[in-house]
J.: 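One structure, pasted below without further comment.
Naming: A, B, ... by sequence-line order, numbering from 1 per chain.
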Number of protein chains: 2
Amino acid sequence: MPDQFTHRGSRRRTLVDRVREALLADLFSNEYSAGDQLPNEGELAERFDCSRATIREAVRGLVDGGYLVRRHGTGTFVTAVPRHRHTLNANLSYTAMIREAGLEPGRRLVHKVTRPATDDEAEALQLPPQEPVLSIERIRTGDGVPVVFSVDRIPVAVLGGALDDVGDSSVYSLLDGLGTSVTEAMASLRPVVADKRLARMLDVPVGSPLLHIEQVDFDAAGRPVMLSAEWHVPDVFELCVSRRRDAPGL
Amino acid sequence: MPDQFTHRGSRRRTLVDRVREALLADLFSNEYSAGDQLPNEGELAERFDCSRATIREAVRGLVDGGYLVRRHGTGTFVTAVPRHRHTLNANLSYTAMIREAGLEPGRRLVHKVTRPATDDEAEALQLPPQEPVLSIERIRTGDGVPVVFSVDRIPVAVLGGALDDVGDSSVYSLLDGLGTSVTEAMASLRPVVADKRLARMLDVPVGSPLLHIEQVDFDAAGRPVMLSAEWHVPDVFELCVSRRRDAPGL
DNA sequence: GAGTGGTCTAGACCACCGT
DNA sequence: CGGTGGTCTAGACCACTCC
């Protein structure tokens, strides 16, 4: 696997990155399988010729990613839970989700227009009133069957001259190219039932359940760069959330 | 605020914990508001009389919790996004969610029984077939109005002698007391429409949308300790997910 | 008690951002 | 350029788990 482990942007690959990638490669090889215990942190530090702090940082990343679990006083183990569920926590690209579900991803452009932002849009995107935004309505398909209808709104100021390129490829890669990569997002979830228009577009009966997601995407500087509304057909892929009980305070 | 910052179980409060809590208290006081920059890590280390590594660990927790953002080369800032939305990521207690929404939480026991686990339950909870589990069906209310119907299943072996106490108070605090605190959970989300039974229990029309959550709760050792099925009435409180784009590798 | 991960320190240097 | 967060080290001690 030559460059399976590219990172976003052009961030320098640190020692921690290299150690993490080496460990991950081990996990995907046949060296380890579910439930196996890793060597202790001291041994790993010696093997990779680095400090234990560096090992801990690398392992932390793999724990966050769901690959490993640490048990105080016992050891570090390879996760037993199946990977490749589609956890909302660390995935932004639906195209990738559809592909991982074993379906051929496709998309159909429904509508694309540049217009002044509505009051709600301006507030969510922290723009002056009436500021122009590009609105793109699309239907995503898996093996030709509709799975998501989405309306994405992006400030024209963010897009610069790349206005016409939107819709052809992933919005996220486009934004990467513009130097305003999305790194964080806040999604709000609500169940709804399909009205006539949604039913027609998603090819489901009127009144059938859909998951509605309203999402704001932020770039590394914390600026909102996109507002999305999505309607998901259930049961095509399983949407999961990994939850924790370690919020500080509260 | 006397004991606002209690932690799960009886884990020792570390220096990092104390620093994090002190910072959080500052954030909730009027000392800082959205967008403000914190003192740099060196100054904080001096103020709290600890090393910079300790400060970084404390701040990391607050960044994970969505309270702060770090910008390399620039500084650490108070998040602009509204806090106190109910992000699924870091909250497990619905009672707390309802209370934070400004409603008076209540619960009504619908059904409680000890019975052999079904095959699905045994698999999810990693139990031998037919192993006895306690099943509790409850309706949670906010200001008396139904907001969630839940079915929680807990292995009797986990509960020990505390079988009768379940239902009176929070399941999570009960498990805390038994030394099997829930620290992690995986939730699967699906929109559904209310059938007759759900409609009656949640006091909504048949066919109205509900959010169905299937969740497995794990203790610190990674053992599954509870399987929950929940049906949420939408719009009572906003369910959010904070999403990231930093999965290592992949 | 032996072995593991968890916390903490003091200090060094690097990479990024703004002026 | 100065100031910020990011990475990294070497070593110490603590807390948990299991035998």
J.: Are side-chain heavy atoms of A/Leu227 and A/Val151 found at a separation under 4.5 Å?
T.: no

J.: Could you measure the distance from the CD1 atom of A/Ile55 to the CG atom of A/Leu44? Nearest 0.5 Å is fine.
T.: 5.0 Å

J.: Give, for atom CG of B/Asp26 and atom OH of B/Tyr67, the distance between the pair rounded to the nearest 0.5 Å.
T.: 14.0 Å

J.: Within 45° of the ring axis of A/Phe77 and under 6.0 Å from its six-membered ring centre, is that where the NZ or CZ of A/Arg70 lies?
T.: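 No, A/Arg70 and A/Phe77 do not form such a contact.
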
J.: Distance check needed: D/dC13 P versus B/Leu15 CG, whole Å only.
T.: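 Taking atom P of D/dC13 as the reference, CG of B/Leu15 is at 17 Å.
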
J.: Distance from A/Leu175 atom CG to A/Leu159 atom CG, nearest 0.5 Å?
T.: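 CG of A/Leu159 is found 6.5 Å from CG of A/Leu175.
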
J.: Does a nitrogen or oxygen in the side chain of B/Arg70 sit under 4.0 Å from OP1 or OP2 of D/dT4?
T.: no

J.: Please report the distance, rounded to the nearest Å, between CZ in B/Arg60 and C1' in D/dG6.
T.: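 Rounded to whole Å, this separation is 11 Å.
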
J.: Looking only at the side chains, is there a donor atom on one of B/Thr14 and B/Asp17 sitting less than 3.5 Å from an acceptor on the other?
T.: yes

J.: Whole angstroms only, please: what is the CG-P distance between A/Asp17 and C/dC14?
T.: 18 Å

J.: Using atom CD of A/Glu57 as one end and atom P of C/dC14 as the other, report the distance to the nearest whole Å.
T.: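 These atoms are roughly 19 Å apart.
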
J.: Check DNA chain D against residues 38-49 of chain B and give the residues with a non-hydrogen atom under 4.0 Å, in numerical order.
T.: B/Asn40, B/Glu41

J.: Return the set of residues passing side chain to side chain donor-acceptor pair (under 3.5 Å) with B/Ser51 (not counting sequence neighbours), or none when no residue passes.
T.: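 B/Ser51: side chain to side chain donor-acceptor pair (under 3.5 Å) contacts with B/Thr54.
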
J.: D/dT9, OP1 or OP2 - any side-chain N/O from A/Thr54 closer than 4.0 Å?
T.: yes

J.: OP1 or OP2 of D/dG6 versus the side-chain N and O atoms of A/Thr14: is any pair under 4.0 Å?
T.: no

J.: Report yes or no: does B/Asp49 contribute a side-chain atom to a donor-acceptor pair with the main-chain N or O of B/Glu46 at less than 3.5 Å?
T.: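 Side chain of B/Asp49 to backbone of B/Glu46, a donor-acceptor pair under 3.5 Å: no, none is there.
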
J.: When you check the phosphate oxygens OP1 and OP2 of D/dG6, does a side-chain N or O of B/Arg56 lie under 4.0 Å from one of them?
T.: yes

J.: Could you go over nucleotides 17-19 of chain C and give all protein N or O partners under 3.5 Å, atom names and distances?
T.:
residue : atom : partner : partner atom : Å
C/dC17  : O3'  : B/Thr74 : OG1          : 3.4

J.: A/Arg52 CZ to C/dG3 C1': how many Å, rounded?
T.: 11 Å

J.: Tell me: CD1 of B/Ile55 to P of C/dA10, nearest whole Å?
T.: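 Distance, rounded to whole Å: 13 Å.
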
J.: Can you identify which nucleotide, out of C/dT9, C/dC8, D/dC8, has its nearest atom closest to the A/Val16 side chain?
T.: D/dC8

J.: For a salt bridge (charged side-chain N to carboxylate O under 4.0 Å, His left out) check, start with the C-alpha distance between B/Glu57 and B/Arg60, then their side-chain angles and the critical distance, and finish with the verdict.
T.: CA-CA 5 Å; B/Glu57 185 64 24; B/Arg60 181 205 305 274; 3.4 Å; yes

